[in-house]
Amino acid sequence: MDLSALPFTRAALHAAYAGGLTPGAVAAEALRRLAAAADPGIFLDITPAADLAAAAAALPPFDPARFPLWGVPVAVKDNIAVAGRPMTAACPAFAHVPPEDAVAVARLRDAGALILGKTNLDQFATGLVGVRTPYPVPRNAVAPDRVPGGSSSGSAVAVARGIVTAALGTDTAGSGRIPAALNGIVGLKPSVGAVSSRGMLPACRSLDCISVFATTPDDAWATYRVIAGEDRADPFSRPIAWAEPGVAPTRIAIPAAADLHLDDAPGRVAWDAARALLPAPEEAPITGLLDTAKLLYDGPWVAERAAAFGDFAAANPGALHPVTEAILAGAARFSAVDAFRGLYRLAEHRRIAEDFFARFEVLAVPSAPNFPTLAELEADPFGPNARLGTYTNFVNLLDLAALAVPGPVRSDGLPAGITLIGPRGSDAALMALARDFTARLARRQEPRAA
């Protein structure tokens, strides 16, 4: 079998395994694909080939019902613990070796997954561009002159390049959605607390969640299904009423014209093509939702970054990336009074969101309003990053679930996509709509008979 032509989807791999392919061969192929990518920025640590082969050999007999990710190669963002492997959060001075897997990683292993390695990120998960790292920047899988998106840059690129089937990222303000959109893959941001964060280094602990990257909605859901579940040892774990994707929701909102923020003509055309694939979307004002984002970067939630890694920064002067350090320095201007006032303001925004989602089941938005070049980021490290979060920054603050899916490609060949957003616990409904949207897109792209 020519493994170089084998799609690394769960369905394709399991079909090949049923035909006699070995997980050791797939592990070796994953390492070959990584070498062929010739991109030193994707991974910060690789599981040694001998250890990966041993893990493949130690898998129980093939049983995809019991082990849904049997023999599936996955990657893990380097702010999530993998036992015995270095963890840096893209800060060399922070490097240490965790003795235990994060809960999500342990659940991946229990499901039969093979952990290929730890992926690069915006340092301490602070950024949406993917370039705030002292290591080589991962190259965007579609357009190397553009940013890869962050903070889960390496995870998204590893999936988009076909090196792994799925990857874990994290998401505070869009880090599990922006890199997916900019690399043309799926990014699933669960309801906050649905996946245990134990073993994950937080950025904003009250908002963070572990996210999933995959090339298909089905692979994202299969991975999420494995890692989700209450963890009583994690005080931020919160149960949800579990459901499998069923009938796609039909009460779908899209931004009214005044709230549609897209920076170029190809992006606007791609959005028009994407909205045409949604069943009867209704334009609605979402200013009240978008304005919530001001609390994250212009409000006291910046100070939560200091609670996460401020002590380390103070004890290790000069260890942080300059942009990360500048962001952290902004935390000092907020007081405890500011924090309470921010909570009061957030409660008002959450009431707006409750009323909105009483009317609509899903809000569909463009995943990103811009697609910065590396040169633009070098000239302005902050502006394009802030702009990228237009449709992502408010989601975790409002306790919403979200799912980024590829849409019609832009006229300039760059990927574009939409993000489906719903209230907490709507994960399965969003997946049902994503499957429907993806099927409609596939039919649209089928060549017509002459």
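Keep in mind that the numbers below use all heavy atoms, side chains included, and drop hydrogens, waters and symmetry copies.
- Taking the side chain as every heavy atom from C-beta outward, I115 and D101 never approach each other to under 4.5 Å.
- T216 and D218 form no side-chain donor-acceptor contact under 3.5 Å, judged by distance and modelled atom types alone.
- Using a 4.5 Å heavy-atom cutoff, the side chains of L207 and P202 are not in contact.
- When only modelled atom types and interatomic distance are considered, K77 and S151 share a side-chain donor-acceptor pair under 3.5 Å.
- The CG atom of L363 sits 6.5 Å away from the CG atom of L289 when rounded to the nearest 0.5 Å.
- Proximity of L277 to R444: side-chain heavy atoms (C-beta onward) are separated by under 4.5 Å at one or more points.
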> Passes side chain to side chain contact (heavy atoms under 4.5 Å, CB included), L69 versus T165? Steps please.
Replying inline: CA-CA 10 Å; L69 300 181; T165 302; over 6 Å; no

> Are D264 and R410 close enough, and set up right, to give a salt bridge (Lys or Arg N to Asp or Glu O under 4.0 Å), and what steps lead you there?
Replying inline: CA-CA 10 Å; D264 57 25; R410 294 162 43 119; 2.9 Å; yes

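- The aromatic rings of F312 and F94 sit perpendicular to each other, their planes meeting at more than 60°, with 30° as the lower class boundary.
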>> Would F62 and H14 count as a ring-ring contact (aromatic ring centres under 6.0 Å, His included) here? Give the steps.
In response: CA-CA 9 Å; F62 179 52; H14 281 182; 5.4 Å; yes

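- One N or O on the side chain of Y17 and one on the backbone of G71 form a donor-acceptor pair closer than 3.5 Å.
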>> Could you walk me through whether I42 and D39 satisfy the side chain to side chain contact (heavy atoms under 4.5 Å, CB included) test, starting with their C-alpha distance in whole Å, then the side-chain angles of each, then the deciding distance to 0.1 Å, before giving a yes or no?
In response: CA-CA 6 Å; I42 301 175; D39 184 348; 3.5 Å; yes

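- Between R440 and D436 there is a salt bridge, with a side-chain nitrogen of the basic residue lying less than 4.0 Å from a carboxylate oxygen of the acidic one.
- Taking CD of Q123 as the reference point, atom CD1 of I327 lies at 10.0 Å (rounded to 0.5 Å).
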>> The test is salt bridge (Lys or Arg N to Asp or Glu O under 4.0 Å); show your working for R132 and D122 and say whether it passes.
In response: CA-CA 5 Å; R132 296 171 177 176; D122 281 311; 5.1 Å; no

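- In terms of heavy atoms, L13 sits closest to P73 at CD1-CD, 3.7 Å.
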>> As a quick check of understanding, evaluate side chain to side chain contact (heavy atoms under 4.5 Å, CB included) for L433 and T250, giving each step before the final call.
In response: CA-CA 9 Å; L433 183 55; T250 55; over 6 Å; no

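- With F371 as the aromatic partner, R146 meets the cation-pi criteria of under 6.0 angstrom to the ring centre and within 45 degrees of the ring axis.
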>> Evaluate Q445 against L441 for side chain to side chain contact (heavy atoms under 4.5 Å, CB included), listing each step before the verdict.
In response: CA-CA 6 Å; Q445 294 174 335; L441 176 61; 3.7 Å; yes

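- Contact detail for T172 and N396: the closest heavy-atom pair is O-ND2, 3.3 Å.
- Of all heavy-atom pairs between P408 and A273, the closest is CG-CB, 3.7 Å.
- Closest of all the heavy-atom pairs between I178 and A368 is CD1-CB, 3.9 Å.
- Enclosure of atom CZ in R66 is not indicated, since only 12 or fewer non-hydrogen atoms of other residues, nucleotides or ligands lie within 6.0 angstrom.
- Between I80 and M200, the closest heavy-atom pair is CG1-CG, 4.2 Å.
- Within the model, atoms CZ of R238 and CZ of R424 stand 4.0 Å from one another, a figure rounded to the nearest 0.5 Å.
- When the shell of 6.0 Å around CD of E100 is examined, it contains 12 or fewer heavy atoms from other residues, nucleotides or ligands.
- A cation-pi geometry, defined here as NZ or CZ lying under 6.0 Å from the six-membered ring centre and within 45° of its normal, does not hold between R161 and F8.
- If you check the side chains of E361 and S426, you find no donor sitting under 3.5 Å from an acceptor.
- Checking side-chain atoms of R225 against main-chain N and O of A220 turns up no donor-acceptor pair under 3.5 Å.
- Between the side chains of N120 and S153, no donor-acceptor pair of N or O atoms lies under 3.5 Å.
- Side-chain contact between P255 and V365: present, with at least one pair of heavy atoms (C-beta onward) separated by less than 4.5 Å.
- Minimum heavy-atom separation, V186 to A180: C-CB, 3.8 Å.
- Between R10 and D219, no side-chain nitrogen of the basic residue sits less than 4.0 Å from a carboxylate oxygen of the acidic one, so the salt-bridge criterion is not met.
- For the residue pair K294 / N393, no side-chain donor-acceptor distance below 3.5 Å is found, with atom types taken as modelled.
- Side-chain atoms of R305 and T126 include a donor-acceptor pair closer than 3.5 Å.
- Rounding to the nearest 0.5 Å gives a distance of 5.0 Å between CG of L44 and OG1 of T88.
- Here the CD1-CZ distance, from I252 to F360, works out to 10.5 Å after rounding to the nearest 0.5 Å.
- Judged by distance alone, the side chain of E304 and the main-chain N or O of S206 form a donor-acceptor pair under 3.5 Å.
- Side-chain polar atoms of S191 and D427 form a donor-acceptor pair below 3.5 angstrom.
- Side chains of S197 and D234: a donor on one and an acceptor on the other come within 3.5 Å.
- For the atom pair CH2 (W301) and SG (C204), the distance works out to 10.0 Å, reported to the nearest 0.5 Å.
- Counted by atom type alone, D231 and S196 present one or more donor-acceptor pairs between their side chains at under 3.5 Å.
- Ring pair W221/Y224 is perpendicular by interplanar angle, where above 60° counts as perpendicular and below 30° as parallel.
- Within a 6.0 Å radius of CD in E244, other residues, nucleotides and ligands contribute more than 12 heavy atoms.
- Neither side chain, D208 nor T170, offers a donor N or O lying under 3.5 Å from an acceptor on the other.
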